[in-house]
Number of protein chains: 2
Amino acid sequence: MFVEIVLIGIIVSTHRWKICYIRLAHNIMAGGRKLEFNKQQALEAAMHVFWKKGFLGASLADLTEGMGINKPSLYAAFGNKESLFVQATEHYLNTYAKPKNEHLYHTGTPLRERLRNYLLAILSGQCDEDNPKGCYVSLCVAEAAGETMPAQAQNTISQAGNYAQALLTEFLQTDDEAKALQLDQEAESIALFLVTTVNGTAAMARAGKGYAELETVIDRALTGIGLPADTRPPVSDQDRC
Amino acid sequence: MFVEIVLIGIIVSTHRWKICYIRLAHNIMAGGRKLEFNKQQALEAAMHVFWKKGFLGASLADLTEGMGINKPSLYAAFGNKESLFVQATEHYLNTYAKPKNEHLYHTGTPLRERLRNYLLAILSGQCDEDNPKGCYVSLCVAEAAGETMPAQAQNTISQAGNYAQALLTEFLQTDDEAKALQLDQEAESIALFLVTTVNGTAAMARAGKGYAELETVIDRALTGIGLPADTRPPVSDQDRC
DNA sequence: CGAATATTGTACCGATCGGTATGTTTGTAG
DNA sequence: CTACAAACATACCGATCGGTACAATATTCG
């Protein structure tokens, strides 16, 4: 048995002396009871609850039930509801949102097809039967505008809301094929239009529309930015309408 | 002074005898204190609160503060929160949503211009500085999908959500110019696309985008349904991009 | 085995939720 | 004036909100 002093915090003051919080530990090397749940799985479950009900609508009872743990475990593992929301949002972005960007950069595929695959992948996620309908970010951005959310949560979701448009703008400004088609001239406007479209399909999917119906929306959107289905070279794999 | 018996309710029972609630009134003709608020103005204010915060996010404290009355007055005038929401939703539809349909039926105006005016009128409402940003219905439909709303409120907002698409479909199927352009063949699909677009702009407006930016979205959407700005006859009043 | 540590379940906290009972005020009718 | 009715303001109700204190239970180390 030994004694050790661990510094765990400093209060910054304007005076010469600082106050330090210290902890006295009699036995630094000692285990404890093991976590009875998988933290990643619990975070995934929390994400699903927020995805379905939003920040306000997701009560701690909903969360703990969905995650299969109880409140003290939740607070020990994730801080509080706001912190859990921030982590769930980041998990959503990393796990669900960002992987879909790869469709944009798939070499050897024509621009229109890459954009179409990208948009359809997003749409597919919005209509997936295994997840809540619609888009996590779109839902929570709408909620955040009501000024009903704590500050950090609002900041996080606000950043997430700007992510897609910034990425698409950057993409359209730098992609060779996009430049050849002079889409880079209006990159911001086109990106805004596409992001508006997927926010629209998110709303429609959440309202109950299915993938098959909304697929036609994507094709009309591509027509809207000057990339109709039967473009000049007849190398298109399909031509509808 | 006289006495009168007024029947105000019957409890239906499975037995031969029914229990009736009666009220004894000594003086049927007697006034009372006057309402100190305008019911329509109060409903308008409630609508604004729901528009900004949604059903769940709008607490009774928010509502009574916005409406300038206190809780007992609210319950006397509108029933309860759910009933107030239903009435506020109907008020929104009658006052804000439906009047915009007139742009569609304006005789002597080309189809594209009518559609454009209709869509821009909606967009204008979504970006109006004097109202909460976005669309009341779009917000609450998204909220309703989380199953956090009472049954009647959910029904009302669900009906409201289907309204625009049904109207646009009917319009495209019957309008002469639309039929001449064969838009009636795909009326449902086109209506779905347009409704998706305005739901998208509602989300973007709520996220902070302004009218000027989103105006370009409307023009691209019209291009998406085969009505580009510079259509065959050069009678168009403007040609951008 | 204890001693120390971390997680668990339960039971509880103050605040706020939607909703209401109650007494006072303001109005009308006789 | 008195009798009555309707709306007002206050204060309160049980339920639920997010968040925690606490004791019991595992787990690791000496």
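Just so we're on the same page: letters track the sequence lines, and every chain starts at 1. Nothing here was measured: the structure is a model prediction, and the numbers come from that model. The analysis underlying the following values was restricted to heavy atoms, covering all of them including side chains, and did not include hydrogens, waters or symmetry mates.
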Roughly, in whole Å, what's the span from [atom1] in [X] to [atom2] in [N]?
| X | N | atom1 | atom2 | answer |
| --- | --- | --- | --- | --- |
| A:Lys53 | D:dC17 | NZ | C1' | 14 Å |
| A:Leu35 | C:dT5 | CG | C1' | 13 Å |
| A:Leu74 | D:dG19 | CG | C1' | 11 Å |
| A:Lys39 | C:dT7 | NZ | P | 9 Å |
| B:Leu84 | C:dG19 | CG | P | 10 Å |
| A:Leu63 | D:dT16 | CG | C1' | 15 Å |
| B:Phe78 | C:dG19 | CZ | P | 15 Å |
| A:Leu60 | D:dT20 | CG | P | 11 Å |

Quick check on [N]: is either OP1 or OP2 less than 4.0 Å from any side-chain nitrogen or oxygen of [X]?
| X | N | result |
| --- | --- | --- |
| A:Lys34 | D:dA26 | no |
| B:Ser73 | D:dC8 | yes |
| B:Asn70 | D:dA9 | yes |
| A:Ser59 | D:dC17 | yes |

* **Which nucleotide in C:dG19, C:dG9, D:dA9 has an atom nearest any side-chain atom of A:Pro72** =>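 From the listed options, C:dG9 comes nearest.
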* Asked: Of all the nucleotides listed (C:dA21, C:dG18, D:dC17), which has the minimum atom distance to the side chain of B:Tyr75?
  -> C:dG18
* To do: Look only at the side chain of A:Gln126 and the backbone of A:Ala202, and say whether a donor-acceptor pair between them is shorter than 3.5 Å.
  =>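 Side chain of A:Gln126 to backbone of A:Ala202, a donor-acceptor pair under 3.5 Å: yes, one is there.
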* Compute both the distance and the angle, then confirm whether A:Lys39 meets the cation-pi test with A:Phe78: under 6.0 Å from the six-membered ring centre, within 45 degrees of the axis. => yes
* To do: Anything under 30° is parallel, anything over 60° is perpendicular, the rest tilted; go ahead and classify A:Phe50 against A:Phe85.
  => perpendicular
* Structure fact -> Walking DNA chain D from its 5' end, the first of A:Arg33 and B:Lys71 to be reached, judged by nearest nucleotide, is B:Lys71
* With DNA chain D as reference, determine whether A:Asp62 or A:Glu36 sits nearer its 5' end, using the nearest nucleotide of each. =>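 Its nearest nucleotide lies further toward 5', so the answer is A:Asp62.
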* Asked: Which sits closer to the 5' end of DNA chain C, A:Gly32 or B:Glu82, going by the nucleotide each is nearest to?
  ->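 Looking at DNA chain C, the more 5' nearest nucleotide goes with A:Gly32.
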* Nearest-nucleotide comparison on DNA chain C, the residue closer to the 5′ end among B:Phe55 and A:Ile69 ->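 Result of the comparison: A:Ile69.
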* Asked: Does one side chain, of A:Ser189 or B:Arg220, offer a donor that lies under 3.5 Å from an acceptor on the other?
  -> yes
* To do: Please determine if B:Glu215 and B:Arg116 form a salt bridge, counting it only when a charged side-chain N lies under 4.0 Å from a carboxylate O.
  =>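 A salt bridge is present here (some side-chain N lies under 4.0 Å from a carboxylate O).
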* **Sugar-phosphate only, base, or nothing, as touched by A:Ala77 at under 4.0 Å among non-hydrogen atoms** => nothing
